[in-house]
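Working notes for the structure below.
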Amino acid sequence: MRLQADTRPLWVSGQELHTSRRVYGWIDDIARKHKLQVSEIGKSTGGRPLKLLTLGNKSGKKAILVISRQHPPEVTGYFAMQSFVATLAADTRLAQRFRKDWTVYVVPLMNPDGVDGGFWRHNVGGVDLNRDWADFNQPETRAVRDFLKQRAADGARFYFGIDFHSTWDDIYYTLDPKFKGNMPGLVPEWLDKIQQAIPHYKPVIQPSERLEPTTVSRNYFLKEHGMEAIVFEIGDNTPRDLITEKGKVGATELMKLILAKSAP
Ligand SMILES: [Zn+2]
């Protein structure tokens with residue numbers, strides 16, 4: 001690669017550039033379109049807001065959690081999250097039924113300073129946020145921890161937690177089914193349904209045998225709140241239309257399964 005440098009800054013981006021401004025814009029757009037609540041659960045070290053989107057029944061006691069962009073450049077995971085959340089917010093009969101009883105909390109941008117600074121994995125504090133879910137040394141992870149604690153104290157129960165990332169390939173990092181949360185079996189059954197719904201698709205699933213120390217978000221979500229939790233990794237070069245499809249199918253199958261498993 002040859003670059004012409006002069007006195008003006010030259011920005012080089014390996015993937016589509018989705019800075020904090022653009023992500024906040026997406027949050028506002030989807031909130032306006034579907035009349036969703038946007039709030040702030042804290043601020044990053046650099047003073048940028050950590051925004052929370054709330055979908056569904058605000059006084060409900062059954063909840064799921066969605067987070068993304070702990071790692072700044074992982075935009076393909078972010079694209080899957082956008083499609084996933086748009087499907088949960090849609091005016092389909094399934095999504096309306098789901099939102100009647102369930103609350104979906106979304107933190108689309110966990111590391112706004114890192115995103116705007118073009119950092120690889122860290123935040124402004126020089127810490128990989130997805131290694132901070134045991135010590136909570138950083139304001140970004142603490143904000144989510146405190147929010148979850150507050151909701152749990154208010155009587156909410158979390159059943160599912162998903163953290164969107166990107167890597168070389170599409171991979172699901174799950175937890176070994178021996179670790180049981182509030183809806184045992186949800187994650188493996190869900191991944192089966194996704195596989196059935198996308199023709200010729202064979203997902204790579206890598207369960208972790210270790211829960212403690214919690215360190216990563218997925219383990220904290222299960223250990224502390226009983227969420228059936230997963231790290232949803234999308235390949236850097238996965239075709240963008242397949243990413244959208246996976247997000248949509250993922251949300252659709254999840255809603256169906258949760259409704260079936262929670263039926264009285
Ligand atoms: Zn990552």
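Just so you know, ligand 1 is whichever comes first in the structure, and atom 1 is the first atom listed for that ligand.
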Open item on the list: Any heavy-atom pair between the side chains of Trp190 and Glu228 that's under 4.5 Å?
Closed with: no
- [ ] Return the set of residues passing ring-ring contact (aromatic ring centres under 6.0 Å, His included) with Tyr24 (not counting sequence neighbours), or none when no residue passes.
- [x] none
Open item on the list: Pairing donors with acceptors under 3.5 angstrom, does anything connect the side chains of Gln82 and Tyr78?
Closed with: yes
Task: Donor-acceptor contact present, side-chain Arg142 to main-chain Phe136, <3.5 Å - done: yes
- [ ] May I ask you to list the protein N, O or S atoms found at less than 2.8 Å from the Zn ion (ligand 1)?
- [x] His71 ND1, Glu74 OE1, Glu74 OE2, His165 ND1
Open item on the list: Is it true that, when you exclude Lys61 itself, more than 12 heavy atoms of the residues, nucleotides or ligands shown sit nearer than 6.0 Å to its NZ?
Closed with: yes
TODO: Please determine which of Gln70, Glu224, Gln138 meets the side chain to side chain donor-acceptor pair (under 3.5 Å) test together with Trp133.
DONE: Gln70
